[in-house]
Amino acid sequence: MNPAGLSFAARRDAAILIVDDAPDNLSTLRKMMVQQGYQTFVATSGERALQIARRVHPDLILLDVVMPGMDGFETCRQLKSNTATQRIPVIFMSARTETEDVVAGFDIGAVDYIGKPLRMAEVCARVRTQLQIRSNSENQEEQAERLRTIVNNMAEGLLIIEADGRIQFTNPACDKYLGYQENELAGRSIAELLNPMVAQEYLDYFARYAAAPQTAHNHGTREVIIRHHNGDSVCMDLTLTPMYLRQPLFIGLLHDITHHKQSEDALQRAAMVDPLTMIANRRHFDAFLEKEWQRALRSGLPLSLVVLDVDHFKLYNDTLGHAAGDACLQQVAQAIASHALRPTDLAARYGGEEFVLLFAETDADSAYLLAESIRAHVESLQLPHPRSLTSPWITVSIGVSTILPHQLDSTESLFVAADRAMYVAKESGRNQVQATLPGNAAMDAIKALAAR
């Protein structure tokens with residue numbers, strides 16, 4: 001009784017648990033189920049059947065009713081009372097075929113009841129039917145679960161609206177957008193959310209569609225003002241699509257149009273970020289420095305600037321190529337940025353292989369220690385530099401300048417001093433930190449330049 005190959009392949013992985021205390025019945029059934037291509041397990045008692053069912057989770061159980069000890073009915077009751085086994089379909093097998101026995105079996109939760117003596121062709125047919133039903137049910141449940149997951153994780157708010165305007169369902173995004181708890185909107189009318197004139201337009205459209213679904217068109221997308229749970233007005237795009245099942249329903253998708261503002265903000269942020277290293281660019285740094293400079297003028301607290309340059313970077317590019325050079329700068333940038341930890345700190349790519357860091361409210365000693373930790377961090381990356389005259393690894397030369405700003409100073413003076421210190425570091429052998437002495441940093445730098 002082996003079915004066609006395709007059918008066999010479709011259910012060869014199905015697992016059947018056969019429970020019968022009669023060895024002959026058990027052997028015959030097991031042989032038949034194996035021939036049908038099923039993975040087969042056997043038990044001679046209800047207690048053993050429960051153990052196997054909890055362990056292997058069979059797709060179907062063939063269960064004898066009359067057994068010593070725990071009979072089939074009690075075994076089925078316990079299967080159905082356990083969440084791990086309650087959904088396994090059970091087919092009873094018994095010579096007790098009186099109406100009350102059959103009804104009792106179905107009442108306990110069986111899906112079928114086969115009288116003994118067993119007719120094997122009938123058993124096989126009933127097993128196939130129940131396995132197909134189970135497979136169809138699982139597929140439907142899987143699809144339903146997949147749909148629930150999609151709906152519950154959508155970024156857009158979703159409403160299902162009935163033809164009279166009553167809200168049947170909302171997803172979590174819709175509840176969040178409008179400030180409601182789960183299921184709180186169900187049963188309410190869209191008239192509670194929309195301007196009365198707009199709500200009436202939608203209700204008229206619902207009525208026209210319900211009367212003649214084949215002639216109504218999709219309502220499309222429009223911008224609407226929706227009343228938030230707290231009384232505020234929220235501007236959103238509402239897309240409405242009709243769906244006729246047993247009754248006309250309408251799927252509403254809500255999209256928060258503040259995404260326009262978010263896009264503008266994103267563009268502004270992009271204009272402030274270096275596209276290669278993804279840290280601040282020169283434009284952002286200059287604006288940040290000016291803000292912190294003004295704050296330091298008011299507070300009288302020191303401002304420290306770190307300027308650094310990747311040593312022998314041109315040789316690195318010439319040897320390994322620009323792609324490797326870009327990757328190197330990206331790693332160096334991330335190492336540098338990891339030291340700008342406070343809101344008043346900022347690391348930026350200032351141009352080429354030159355980077356800058358600003359540390360507000362930071363004295364000269366602290367700034368020097370920070371610069372030294374940055375230098376050591378970059379060296380510890382151990383990025384090979386085949387042609388470096390300084391080290392086998394990528395290194396940086398760092399200049400540090402600290403100033404107590406006053407009205408006669410400028411940000412340029414701070415840059416001049418830090419830049420000069422960096423060149424001193426380069427001239428002194430590279431891969432080191434040099435700092436201007438505390439005091440008037442600008443004057444020190446100007447004097448040093450004049451002496452050259």
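Fair warning: this is a prediction, and the values are worked out from it, not measured in the lab. Numbers here are sequence positions counted from 1.
Here the CE atom belonging to M422 is positioned 12.0 Å from the CZ atom belonging to F355, to the nearest 0.5 angstrom. To the nearest 0.5 Å, atoms CD (E142) and CD (E145) are separated by 9.5 Å. Put simply, OG1 on T97 and CZ on F92 are 14.5 Å apart, with the number rounded to the nearest 0.5 Å. A distance of 12.0 Å separates CD of Q331 from CD1 of I336, quoted to the nearest 0.5 Å. Here the CG atom belonging to N171 is positioned 12.0 Å from the CD1 atom belonging to I150, to the nearest 0.5 angstrom. Of the inter-residue distances, the one linking D164 atom CG with I190 atom CD1 reads 9.5 Å to the nearest 0.5 angstrom.
Looking only at side-chain heavy atoms (C-beta outward), L249 and Q168 come within less than 4.5 Å of each other. L240 places a side-chain heavy atom less than 4.5 Å from the side chain of Y205. At a threshold of 4.5 Å between non-hydrogen side-chain atoms, the residues N25 and M93 do not count as touching. Annotation: side chain of V56 is not in contact with side chain of Q39 (no heavy-atom distance under 4.5 Å). No side-chain heavy atom of E184 sits less than 4.5 Å from a side-chain heavy atom of D175. With contacts defined as side-chain heavy-atom distances shorter than 4.5 Å, the pair V307/Y350 does not qualify. Between M236 and L178 there is a side-chain heavy-atom pair separated by less than 4.5 Å. Side-chain atoms of M70 and S45, non-hydrogen and from C-beta on, never get closer than 4.5 Å to each other.
Under a 3.5 Å cut-off, the side chain of S27 and the backbone N or O of D24 do not form any donor-acceptor pair. Side chain of S135 to main chain of Q132: no donor-acceptor pair is present (N/O by atom type, distance under 3.5 Å, no hydrogens or angles). Judged purely by atom type and a 3.5 angstrom limit, T129 uses its side chain to pair as donor or acceptor with the backbone of A125. The backbone N or O of K80 lies less than 3.5 Å from no partner atom in the side chain of R77, so there is not a single donor-acceptor pair. Judged purely by atom type and a 3.5 angstrom limit, D419 has no side-chain atom pairing as donor or acceptor with the backbone of F415. Under a 3.5 Å cut-off, the side chain of N183 and the backbone N or O of A186 do not form any donor-acceptor pair. Of the possible donor and acceptor atoms, none in the side chain of R54 sits under 3.5 Å from a partner among the backbone N and O of T85. The backbone N or O of A84 lies less than 3.5 Å from a partner atom in the side chain of H57, making a donor-acceptor pair.
Annotation for Q247: atom CD counts as buried by contact number, over 12 foreign heavy atoms lying within 6.0 Å. For R188, the CZ atom is densely surrounded, since the number of other residues' heavy atoms within 6.0 Å is greater than 12. Under a cut-off of 6.0 angstrom, the local environment of CD in Q181 is sparse, with at most 12 non-hydrogen atoms contributed by other residues, nucleotides or ligands. Residue-environment remark: CZ (R119) stays at or below the threshold of 12 foreign heavy atoms within 6.0 Å. Around the CD atom of E412, the shell of radius 6.0 Å holds no more than 12 heavy atoms that belong to other residues, nucleotides or ligands.
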Checklist entry - Would Q334 and Q330 count as a side chain to side chain donor-acceptor pair (under 3.5 Å) if you check the C-alpha gap in whole Å, the side-chain angles of each, and the deciding distance to 0.1 Å? => result CA-CA 6 Å; Q334 293 308 308; Q330 288 168 345; over 6 Å; no
Item to check | Working for side-chain contact (heavy atoms from CB on, under 4.5 Å), residues I167 and L193 | outcome: CA-CA 11 Å; I167 298 170; L193 302 178; 3.8 Å; yes
Checklist entry - Does the pair Q143 and R146 meet the rule for a side chain to side chain donor-acceptor pair (under 3.5 Å), with working shown? => result CA-CA 5 Å; Q143 291 174 3; R146 186 181 297 116; over 6 Å; no
Item to check | Derivation of the side-chain contact (heavy atoms from CB on, under 4.5 Å) call for V123 and M33 | outcome: CA-CA 10 Å; V123 173; M33 293 300 106; 4.3 Å; yes
Next on the checklist: Quick one, Y202 with F250, criterion ring pair (Phe, Tyr, Trp, His ring centres under 6.0 Å). Give me CA distance, side-chain angles, the key distance, then yes/no.
Outcome noted: CA-CA 10 Å; Y202 279 115; F250 303 86; 9.4 Å; no
Checklist entry - L308 and L357: side-chain contact (heavy atoms from CB on, under 4.5 Å), yes or no, with the steps? => result CA-CA 9 Å; L308 62 91; L357 295 95; 3.9 Å; yes
Item to check | Test side-chain contact (heavy atoms from CB on, under 4.5 Å) applied to D71 and V66, step by step | outcome: CA-CA 6 Å; D71 67 7; V66 180; over 6 Å; no
Next on the checklist: Assess the residue pair N136 and Q140 against the criterion (side chain to side chain donor-acceptor pair (under 3.5 Å)); give the C-alpha distance rounded to whole Å, side-chain angles, the decisive distance to 0.1 Å, and a yes or no.
Outcome noted: CA-CA 6 Å; N136 293 341; Q140 291 171 1; over 6 Å; no
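Of the charged side-chain nitrogens involved, at least one lies within less than 4.0 Å of a carboxylate oxygen, so that D20 and K116 count as a salt-bridged pair.
Looking only at atom types and distance, the side chain of E290 has a donor-acceptor partner in the side chain of Q294 under 3.5 Å away.
Nearest heavy atom pair, residue E156 against residue A173, reads O-CB, 3.4 Å. Here the closest heavy-atom approach between residue Q78 and residue S81 is recorded as O-OG, 3.0 Å. The minimum heavy-atom distance linking P89 with R134 is given by the pair CD-NH1, 3.2 Å. Nearest approach of D101 to F73, heavy atoms of both residues: O-CZ, 3.6 Å. Closest approach of T277 and A333 over heavy atoms only: CB-CB, 3.5 Å. Of all non-hydrogen atoms in A360 and R342, the two that sit nearest each other are O-NH2, 2.6 Å.
Note: Y316 and H385 have perpendicular aromatic rings, judged against thresholds of 30 and 60 degrees for the angle between ring planes.
The residue from D112, L62, I114 that alone fulfils the side-chain contact (heavy atoms from CB on, under 4.5 Å) condition with V127 is L62.
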